[in-house]
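Keep in mind that this is a model prediction, so the values were computed, not measured. No hydrogens, no waters, no symmetry mates; every other heavy atom, side chains included, goes into these values.
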Amino acid sequence: EAGVTQSPTHLIKTRGQQATLRCSPISGHTSVYWYQQALGLGLQFLLWYDEGEERNRGNFPPRFSGRQFPNYSSELNVNALELEDSALYLCASSPRDPKAWDIQYFGAGTRLSVL
Amino acid sequence: DAKTTQPPSMDCAEGRAANLPCNHSTISGNEYVYWYRQIHSQGPQYIIHGLKNNETNEMASLIITEDRKSSTLILPHATLRDTAVYYCIVRVRNSWGKLQFGAGTQVVVTP
């Protein structure tokens, strides 16, 4: 069974540009989560999508946005990139059953570098 | 979600048991204890979770004290591949998706 896949593996952008990160959940999973892991700040929750709807959002500015497609894959968009957006962006998925929401399966991440 | 306290780092000899403590003295009755780990350059990996009874799976054992104010994750026979940051997370089940990661414990398994 394929795990959570993220693309691209690495992404280099300059300040002010937009970045789009993609995530494909494990087959059968309907929830997708996004986390940011910046150096020295640990893993921070960004967004949670379930059944195409945004269910919860972390303490990030509106220029961090995303969506979930009918096939449950997801995109994270970061507009007007700032240097401090440089981080590892991790996507996770969990099954349809709410009782299993707490067990999240993570991808390997996208390393975003803003120059 | 309750706050957790973990030692920043610990070493363990290969083949020996690794006992990772976590303090969660403000845990409430409906909060579970979850453990994840993150091997360098990879995403976090779920290990185990529990409410009040001790739990065991193929990866580890979780021992929760009777008052639930602390717990210990036990890796019975540590290998070099167990070198990772281990996170103890306390939360109510199904609480709006997010996992709140702290700083965790950097475990280094040495030959």
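Hydrophobic clustering, with ILVMFWY side chains joined whenever heavy atoms are under 4.5 angstrom apart, keeps A:V32 apart from B:Y36. Placement of B:I74 and B:M59 in two distinct hydrophobic clusters is found when ILVMFWY residues are connected by side-chain heavy-atom separations under 4.5 Å, directly or transitively. Under the 4.5 Å side-chain heavy-atom criterion for Ile, Leu, Val, Met, Phe, Trp and Tyr, B:I48 and B:V90 are members of the same hydrophobic cluster. Side-chain heavy atoms closer than 4.5 Å link hydrophobic residues (I, L, V, M, F, W, Y) into clusters, and following such links, possibly through other members, connects B:L62 to B:L75. Under the 4.5 Å side-chain heavy-atom criterion for ILVMFWY residues, no single connected hydrophobic cluster contains both A:L41 and A:L47.
B:I89 CD1 to A:L43 CG: the interatomic distance, rounded to the nearest 0.5 Å, is 8.5 Å. Rounding to the nearest 0.5 angstrom, the gap separating the CD atom in A:Q44 from the CD atom in B:Q100 is 8.5 Å. For the atom pair CD (B:Q38) and CG (A:L88), the distance works out to 7.0 Å, reported to the nearest 0.5 Å. Distance CZ/B:F101 to OH/A:Y35: 5.5 Å, rounded to 0.5 Å.
Neither the backbone nor the side chain of B:Y32 has a heavy atom closer than 4.5 Å to any heavy atom of chain A. Only the side chain of A:Q37 comes within contact range of chain B, judged by heavy atoms closer than 4.5 Å.
Judged by distance alone, the side chain of B:Y34 and the main-chain N or O of A:I103 form no donor-acceptor pair under 3.5 Å.
Contacts from residues 105-115 of chain A to chain B, taken as heavy-atom pairs separated by less than 4.5 Å, involve A:F106, A:G107, A:A108 in sequence order.
The environment of CZ in B:R16 is sparse: at most 12 heavy-atom neighbours from other residues, nucleotides or ligands sit within 6.0 Å. In the displayed structure, A:K13 atom NZ is contacted under 6.0 Å by more than 12 heavy atoms of other residues, nucleotides or ligands. Within a 6.0 Å sphere centred on CG of A:L39, other residues, nucleotides and ligands contribute 12 heavy atoms or fewer. Under a cut-off of 6.0 angstrom, the local environment of CG in A:N71 is crowded, with over 12 non-hydrogen atoms contributed by other residues, nucleotides or ligands.
The shortest heavy-atom contact between B:G43 and A:L90 is CA-CD2, 3.7 Å. Here the closest non-hydrogen pair linking B:L99 and A:F45 is O-CB, 4.4 Å.
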